[in-house]
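Side chains included, hydrogens not; waters and symmetry mates left out as well; all remaining heavy atoms used.
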Amino acid sequence: MRKRSLAEIAAARGVRDERVIAALRTVDRRDFVPAHLVDEADRDEPLPIGDGQTTSQPSLIAQMVEAAEVGADDRVLEIGTGFGYQTALLCQLAGEVVSVERHARLAEAARANLAAVGCEARVEVGDGHEGVPDAAPFDAIVVSAATPAIPDAWVASLVEGGRLVVPVGGRGGQVVEVWRARGGRLADRRTLVPVRFVPLVRDR
Ligand code: SAH
């Protein structure tokens, strides 16, 4: 039997947005995993990327990116760059992508991976809790690490109607929440899927 592509797997898991499916076809995940794991890259599984971190399950990334409703002219903030796989998908979908990563080594790897495929995302080293204020506002924020509470800085960084997609919960497990910014607050909460993300680390 022919192996299913990540795009086919994501579609089977309910991802309907044709632009997201096309992005999954375009971005080769082998370009965003450590060299010794390239043979695993086509599997719909999280993979270790060093520093105790993982690159997330592709079908889950696809669901979260779909929920962010990224338009072609949108400015998007990703929190938790890792090796840059989701960043590259966002590059296919958005007008401008900014990403913030706490580990300098991972940010450096992501920059190299993204440059190699021509994605012009701006990757910052920093604490995602603060967002990237000098690049705000954003039409959507996608968070790739789990937090028990949503920082005010994210809400303040969204345009009216902007979307926030974030795994909320503690180490035991989380649920992906999707919010919309309305009048300077978050509204219209819906939940997407139960997940287990690495924690959004607070250094101070
Ligand atoms: N978007 C990535 C997911 C990487 S895993 C992908 O496509 O696979 C989550 C990442 O969040 C890790 O690289 C981790 O180092 C980073 N992270 C954790 N806490 C953070 C923080 N406070 N600020 C920025 N990045 C953080």
Side-chain angles (χ1 to χ4, degrees), residues 6-7 9-21 23-24 27 29 32 43-49 52-71 74-94 97-102 127-129 131 138-159 161-182 185-202:
L6 292 175
I9 293 169
R13 289 191 164 230
V15 175
R16 292 280 165 266
D17 187 331
E18 276 306 324
R19 294 182 69 239
V20 175
I21 296 294
L24 287 167
V27 177
R29 192 171 181 236
F32 297 93
R43 294 171 47 193
D44 188 35
E45 307 269 345
L47 290 172
I49 54 176
Q53 305 303 317
T54 54
T55 178
S56 315
Q57 183 179 7
S59 62
L60 172 60
I61 290 180
Q63 284 177 281
M64 291 177 66
V65 167
E66 178 178 56
E69 297 174 19
V70 179
D74 281 0
R75 306 186 66 250
V76 180
L77 173 64
E78 173 187 50
I79 295 181
T81 321
F83 257 37
Y85 177 64
Q86 178 177 265
T87 329
L89 293 175
L90 291 171
C91 264
Q92 296 292 318
L93 298 168
V97 181
V98 178
S99 186
V100 54
E101 167 58 53
R102 174 175 171 269
D127 180 359
H129 286 96
F138 296 97
D139 299 285
I141 301 177
V142 183
V143 186
S144 296
T147 179
I150 296 173
D152 291 340
W154 299 352
V155 188
S157 297
L158 282 169
V159 301
R163 287 76 61 198
L164 170 65
V165 183
V166 53
V168 175
R171 282 183 184 263
Q174 312 100 29
V175 59
V176 174
E177 296 186 351
V178 183
W179 295 85
R180 199 172 284 273
R182 295 223 184 274
R185 292 162 179 254
L186 293 178
D188 303 350
R189 174 186 182 270
R190 67 186 177 93
T191 57
L192 206 57
V193 57
V195 285
R196 211 171 253 276
F197 269 86
V198 296
L200 188 72
V201 175
R202 223 183 239 293

Note to self: To the closest 0.5 Å, what do you measure between CD (Glu177) and CG (Leu192)?
What the structure shows: 10.5 Å

Notebook entry, point to check: If you look at every heavy atom in Gly82 and Ile49, which pair is closest and at what distance?
Noted result: CA-CD1, 3.7 Å

Margin query: Around atom CZ of Arg196, are there more than 12 heavy atoms from other residues, nucleotides or ligands closer than 6.0 Å?
Written below: no

Next item on the list: Using the side-chain contact (heavy atoms from CB on, under 4.5 Å) rule, take Val65 and Leu90 through it: C-alpha gap first, then chi angles, then the decisive distance, then the call.
Entry: CA-CA 8 Å; Val65 167; Leu90 291 171; 4.0 Å; yes

Item checked: Minimum-distance pair of heavy atoms, taken over all atoms of Ala23 and Leu89 -> O-CD2, 3.5 Å

Check: By salt bridge (charged side-chain N to carboxylate O under 4.0 Å, His left out), which residues pair with Asp44, not counting sequence neighbours?
Finding: Arg13

Next item on the list: Taking Gln174 for its side chain and Phe197 for its backbone only, find out whether a donor-acceptor pair lies under 3.5 Å.
Entry: yes

Margin query: Determine whether a donor-acceptor pair (N or O, by modelled atom type, separation under 3.5 Å) exists between the side chain of Glu78 and the backbone of Val142.
Written below: no

Item checked: Closest non-hydrogen atom pair, Ala67 against Arg190 -> CB-NH2, 3.9 Å

Margin query: Can a donor-acceptor pair be found, under 3.5 Å and without considering hydrogens, that links the side chain of Arg29 to the backbone of Arg43?
Written below: yes

Check: Just wondering, more than 12 heavy atoms not from Arg182 lying within 6.0 Å of its CZ?
Finding: yes

Checklist line | Arg180 vs Glu69, side-chain contact (heavy atoms from CB on, under 4.5 Å): CA-CA, chis, key distance, verdict | finding: CA-CA 11 Å; Arg180 199 172 284 273; Glu69 297 174 19; 3.1 Å; yes

Notebook entry, point to check: Between CG of Leu93 and CD of Glu66, what distance do you get to the nearest 0.5 Å?
Noted result: 10.5 Å

Note to self: Using side-chain heavy atoms (C-beta onward) and a distance below 4.5 Å, is Arg163 in contact with Asp74?
What the structure shows: yes

Item checked: Under 3.5 Å side-chain donor-acceptor pair for Ser144 and Gln86 -> yes

Item checked: Shortest non-hydrogen separation from Ala10 to Ala62 and the atoms involved -> CB-CB, 4.0 Å

Check: Where is the tightest heavy-atom contact between Pro167 and Val195, given as atom of each residue plus distance?
Finding: CB-CG2, 4.0 Å

Item checked: Inter-residue atom distance Ile141.CD1 - Ile79.CD1, 0.5 Å rounding -> 5.5 Å

Item checked: For the student: nearest non-hydrogen atoms of Ser99 and Thr81, plus distance -> OG-OG1, 2.7 Å

Check: Rounded to the nearest 0.5 Å, how far apart are CG of Asp139 and CG of Leu77?
Finding: 11.5 Å

Next item on the list: Enter the distance from Leu24:CG to Asp17:CG here, rounded to the nearest 0.5 Å.
Entry: 10.0 Å

Next item on the list: Please report the C-alpha distance between Thr191 and Val168 in whole Å, then the side-chain angles of each, then the deciding distance to 0.1 Å, and finally whether the side-chain contact (heavy atoms from CB on, under 4.5 Å) criterion is met.
Entry: CA-CA 10 Å; Thr191 57; Val168 175; over 6 Å; no

Margin query: Just verifying a value: how many Å separate Glu45 CD and Ser59 OG, rounded to the nearest 0.5 Å?
Written below: 9.0 Å

Report, one line per pair, each donor and acceptor closer than 3.5 Å where one atom sits in a side chain of residues 147-155; sequence neighbours left out.
residue : atom : partner : partner atom : Å
Thr147  : OG1  : Ala149  : N            : 3.3
Thr147  : OG1  : Ala149  : O            : 2.6
Trp154  : NE1  : Gly128  : O            : 2.8

